[in-house]
Amino acid sequence: MPMAFVNPALVGKVLAEDLYSDAGVLLLPRRTVLTAAHVNALRNQRITRVSIAGDLSEGNGEKISAQLLDKGGDRESAFCYLDAMEQTRRLFERVDLGQVPSLHEFCQAFHALAERTEERLGLFRSLYVLEGADSYTYRHSLNVGILCTLIARLLKWDEERVWLMGAAGFLHDIGKTRVPREILLKPGRLTDEEFAEMKRHTVYGYEILQQMEGGHETLAICALLHHERLDGSGYPEGRKDGQIPLECQVVAVADMFDAICSDRVYKQRTSPFEAARVLWKAACDGLLNIEIVSLFVHYIAQLYVGAKARLNSGEEVEVILIHRDEPMRPLIRRHGQFVDLRCHRQLSIEKMLG
Ligand SMILES: [Fe+2]
């Protein structure tokens with residue numbers, strides 16, 4: 001776990017482990033978002049170093065790389081992913097400091113990875129076996145960019161629009177750089193004021209992308225409207241149906257899928273099959289575009305044929321066959337026997353293992 005010195009730069013960072021005094025008294029539980037008062041208290045206790053989570057700091061890159069290799073990824077792909085993450089971190093930090101790097105610089109960070117993922121679908125599969133919430137913002141941006149590229153291809157959009165969608169997905173949450181870290185990394189429920197501030201990342205993103213050298217109106221619009229829902233229940237404007245450009249509807253699907261499949265400071269990830277079920281329900285409830293969700297869910301499920309997974313019963317199984325009518329409930333092999341999950345509705349695929 002990365003260690004950090006106790007100083008004011010720790011404000012907003014998240015404790016990775018419970019912190020005890022020399023006398024064995026619990027000072028702060030893990031997942032505490034550190035405030036200036038906490039830092040002062042730690043100094044008064046003469047604590048000099050603490051373990052933190054939520055950053056691409058020293059040691060974290062190796063952990064992610066090891067997981068990618070362990071789950072069947074090749075060395076070059078693991079390097080490519082880490083390199084993209086590191087470049088993304090640097091670019092986002094510049095935005096954090098009030099600069100706006102050009103679209104060309106962002107594309108340099110993202111496109112090598114996007115191309116590699118299209119060539120090697122094994123890399124895509126390994127993205128959703130990664131554990132830990134470290135570097136979530138950078139990983140989420142890269143993953144949503146990859147997913148948007150994939151959906152644009154499934155929709156048979158032309159090459160220029162596919163490229164634009166990759167960038168739109170990659171940059172959709174750039175406005176979060178302006179949301180205070182205490183809110184962004186808060187493990188518990190947000191207050192109404194905190195949630196209102198969190199929602200503003202859409203407007204901040206629009207403003208940042210409007211200023212970007214070489215930028216494109218579609219990127220700014222996707223940052224602004226990716227939390228809108230077709231029934232009008234989204235934010236920031238509560239737009240409905242045709243008032244939400246199709247590009248934003250694509251980002252909404254990719255964003256929701258990746259958020260469900262990734263570990264966060266406040267929740268553990270679940271499997272792409274469970275995410276597919278949630279997306280399907282959201283589409284049936286009139287929140288997401290059903291055509292996009294249907295294409296996407298069928299395609300994603302097929303990628304996992306042959307993959308190892310764990311059921312909510314704790315058993316390890318293999319995904320054998322995806323059904324056309326219910327792709328989120330495939331045929332699996334459990335202890336050498338075939339089980340159709342459509343007929344065992346109490347069972348679900350909880351986690352992908354590789
Ligand atoms: Fe967002």
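Predicted, not measured: the structure shown is a model, and the values here were computed from it. Just the heavy atoms: all of them, side chains too, but no hydrogens, waters or symmetry mates, feed the values below. Read the numbers this way: they start at 1 and go in the same order the structure lists the ligands and their atoms.
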Query raised in the report: Just wondering, do Val278 and Thr270 contact through their side chains at under 4.5 Å, heavy atoms?
Result: no
Query raised in the report: At the Fe ion (ligand 1), what angle lies between atom OD1 of Asp173 and atom NE2 of His227, rounded to 10 degrees?
Result: 170°
Report task. Taking both backbone and side-chain atoms into account, decide whether Asp255 has an N/O/S atom under 2.8 Å from the Fe ion (ligand 1). Result -> no
Query - His172 ring center near His227 ring center (under 6.0 Å) - result: no
**Report entry** For the Fe ion (ligand 1), the closest N/O/S atom belonging to His226
**Finding:** NE2
Report summary line: When rounded to the nearest 0.5 Å, the distance separating OG1 of Thr137 from CZ of Arg89 is 12.5 Å
Query raised in the report: Asn312 side chain to Ser348 main-chain N or O, any donor-acceptor pair under 3.5 Å?
Result: yes
Query - N, O or S from His172 under 2.8 Å to the Fe ion (ligand 1) - result: no
